[in-house]
K.L.:
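Encoded as structure tokens, here's the structure I'll be asking about.
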Amino acid sequence: MTDSIRGDRPAPLIGLTTYLEQSQTGVWDVRASFLPKVYLDGVTDAGGVAMLLAPQPVDAMIARRVVSALDALILTGGRDVDPARYGQERLATTDQPRLDRDAWEAALLEAAIDIDLPVLGICRGLQMINVCLGGTLHQHLPEVIGGDHYSGGQGTFTVNPVRVEQGTRLSEVLADVDAISVMSHHHQAVDKVADGLVVSARGEDGVIQGLDLPQLSYGLAVQWHPEETIEDRRLFRSIVEAAERRMARRAASGDRA
């Protein structure tokens with residue numbers, strides 16, 4: 001049995017952050033690590049190996065140990081980031097914060113940046129990246145733009161047009177298209193962009209829909225849900241390819257750690 005799905009090359013290990021949610025299965029009703037399978041499909045369809053990263057007690061050393069074992073990191077969607085992280089009081093429309101997940105992802109992101117690990121943020125992941133690097137969020141987007149077309153509610157995704165900024169990493173990944181239609185499910189969005197991040201996409205209403213992380217060899221984030229579009233795996237392919245390039249650089253330099 002081979003350890004690779006691409007000839008004799010090992011497939012890259014892609015870490016995906018998860019929820020801790022109350023889950024029912026059979027006779028059990030317990031808190032459990034949870035992530036929709038479509039995220040895993042996005043990684044495995046692109047040739048990577050999906051590794052689930054559940055929230056747990058963390059410090060800088062633990063975070064460094066985790067990311068050092070990965071070839072790339074994906075911060076996935078989920079509940080709202082704690083507004084205290086960007087200096088605001090929680091509004092009634094904002095989720096009760098999941099402090100364990102916020103701390104876990106913040107530590108993983110910092111460690112990933114330290115070692116130039118490829119990073120992709122999806123929905124909450126984009127918001128977490130912006131907040132961790134010093135940006136802020138609109139806590140309830142309908143109050144800002146006067147509509148709720150970015151969230152259908154009750155687990156329903158909506159389709160929205162997004163304008164891609166040319167010359168960005170996102171534009172390169174999307175083959176320099178000017179605009180795409182995306183699957184949305186969010187009621188929050190970036191307000192103040194963190195220093196060092198580059199806006200790579202916006203909605204027709206100006207809402208930020210993509211960010212590049214120029215401080216990384218590969219780093220980007222999108223506000224939409226690419227995992228929900230089965231026929232389009234460009235973002236997942238791009239991070240798997242970035243992970244493979246990093247693996248090749250490390251092998252060439254003799255860095256096996």
Side-chain angles (χ1 to χ4, degrees), residues 14-23 31-46 48 50-55 72-83 85-86 93-106 108-109 112 118-132 135 137-142 148-160 162 170 180-190 200-201 203 207-211 213 219-230 232-236 238-239:
I14 315 297
L16 299 102
T17 57
T18 78
Y19 315 75
L20 277 181
E21 296 291 338
Q22 199 70 22
S23 303
R31 291 192 81 205
S33 177
F34 170 81
L35 189 69
K37 182 176 178 289
V38 286
Y39 283 102
L40 279 68
D41 292 341
V43 169
T44 57
D45 288 353
M51 306 289 289
L52 299 187
L53 306 175
L73 173 67
I74 298 177
L75 302 183
T76 64
R79 293 181 178 268
D80 299 335
V81 177
D82 181 11
R85 284 188 169 267
Y86 49 96
T93 52
T94 297
D95 296 332
Q96 186 69 31
R98 303 300 178 89
L99 302 180
D100 56 349
R101 182 172 183 186
D102 287 353
W104 176 239
E105 292 189 340
L108 293 180
L109 177 62
V119 172
L120 170 63
I122 294 176
C123 196
R124 169 197 156 92
L126 173 143
Q127 296 169 7
M128 193 69 193
I129 289 169
N130 188 58
V131 168
C132 287
L137 304 178
H138 294 298
Q139 285 195 53
H140 194 53
L141 199 51
D148 59 359
H149 52 279
Y150 286 114
S151 177
Q154 301 300 313
T156 302
F157 292 84
T158 60
V159 179
N160 288 282
V162 164
L170 179 61
I180 57 173
S181 294
V182 303
M183 301 288 279
S184 305
H185 195 289
H186 62 98
H187 79 110
Q188 298 193 337
V190 170
S200 58
V207 171
I208 292 171
Q209 291 287 322
L211 295 171
L213 289 74
L220 61 83
V222 295
Q223 184 60 76
W224 68 87
H225 284 268
E227 78 282 359
E228 293 295 330
T229 310
I230 301 299
D232 184 1
R233 295 297 193 212
R234 288 176 290 186
L235 289 170
F236 289 98
S238 73
I239 193 169

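Just so you know, residue 1 is the first one in the sequence shown, and it goes up from there.
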K.L.:
Measure from the side-chain N and O atoms of Q127 to the backbone N and O of Q188, and report whether any donor-acceptor pair falls under 3.5 Å.
P.N.:
yes
K.L.:
Looking at every non-hydrogen atom in both residues, tell me the closest pair between Y19 and P36 and how far apart they are.
P.N.:
CE1-CD, 3.7 Å
K.L.:
Kindly indicate whether the side chain of Q139, heavy atoms from C-beta on, has any atom under 4.5 Å from the side chain of T94.
P.N.:
yes
K.L.:
Mind listing the closest non-hydrogen atom pair of G121 and I129 along with its distance?
P.N.:
CA-CD1, 4.0 Å
K.L.:
When you compare the side chain of Q223 with that of C123, does any pair of heavy atoms fall below 4.5 Å?
P.N.:
yes
K.L.:
Identify the residue among D95, D80, D102, T76 that makes a side-chain hydrogen bond (donor to acceptor under 3.5 Å, both in side chains) with R124.
P.N.:
D102
K.L.:
Are any non-hydrogen side-chain atoms of Q209 and L126 less than 4.5 angstrom apart?
P.N.:
no
K.L.:
For L40 versus A50, what's the shortest heavy-atom pair and its separation?
P.N.:
CG-CB, 4.0 Å
K.L.:
Could you grab the distance from atom CD of Q154 to atom NE2 of H185, nearest 0.5 Å is fine?
P.N.:
8.0 Å
K.L.:
Hey, mind stepping through E227 and L235 against side chain to side chain contact (heavy atoms under 4.5 Å, CB included) and telling me if it holds?
P.N.:
CA-CA 9 Å; E227 78 282 359; L235 289 170; over 6 Å; no
K.L.:
Show your working on side chain to side chain contact (heavy atoms under 4.5 Å, CB included) between E228 and V38 and close with a plain yes or no.
P.N.:
CA-CA 7 Å; E228 293 295 330; V38 286; 3.6 Å; yes
K.L.:
Taking side chain as C-beta onward, heavy atoms only, is Y39 less than 4.5 Å from I122?
P.N.:
yes
K.L.:
Using the side chain to side chain contact (heavy atoms under 4.5 Å, CB included) rule, take M183 and V159 through it: C-alpha gap first, then chi angles, then the decisive distance, then the call.
P.N.:
CA-CA 5 Å; M183 301 288 279; V159 179; 3.9 Å; yes
K.L.:
Salt bridge check: are R101 and E21 linked by an N-O gap of less than 4.0 Å?
P.N.:
no
K.L.:
Can you name the closest pair of heavy atoms from L109 and C132 and give their distance?
P.N.:
CD2-CB, 3.8 Å
K.L.:
As an exercise, state the distance from CG of N160 to OG of S181, rounded to the nearest 0.5 Å.
P.N.:
8.5 Å
K.L.:
Return yes if some donor-acceptor pair links the side-chain N/O of S200 with the main-chain N/O of L211 below 3.5 Å, else return no.
P.N.:
yes
K.L.:
Got a donor-acceptor contact below 3.5 angstrom from the N130 side chain to the L137 backbone?
P.N.:
no
K.L.:
Side chains of F34 and T18: closer than 4.5 Å at any heavy-atom pair?
P.N.:
no
K.L.:
Within a strict 4.5 Å, meaning less than it, do heavy atoms of the H186 and L141 side chains meet?
P.N.:
yes
K.L.:
Please report the interatomic distance CD(E105) to OG1(T17), rounded to the nearest 0.5 Å.
P.N.:
3.5 Å
K.L.:
Would you confirm whether W104, through its side chain, and L53, through its main-chain N or O, come within 3.5 Å as a donor-acceptor pair?
P.N.:
yes
K.L.:
Could you check whether any side-chain heavy atom of I14 comes within less than 4.5 Å of a side-chain heavy atom of F236, counting everything from C-beta outward?
P.N.:
no
K.L.:
Would you mind reporting whether R234 and L170 have side-chain heavy atoms less than 4.5 Å apart?
P.N.:
no
K.L.:
What pair of heavy atoms forms the shortest contact from V162 to A201, and how long is it?
P.N.:
CG1-CB, 3.6 Å
K.L.:
Looking at every non-hydrogen atom in both residues, tell me the closest pair between T158 and G152 and how far apart they are.
P.N.:
CG2-N, 3.4 Å
K.L.:
Among I74, L73, L120, find the residue that satisfies the side chain to side chain contact (heavy atoms under 4.5 Å, CB included) test when tested with L16.
P.N.:
I74
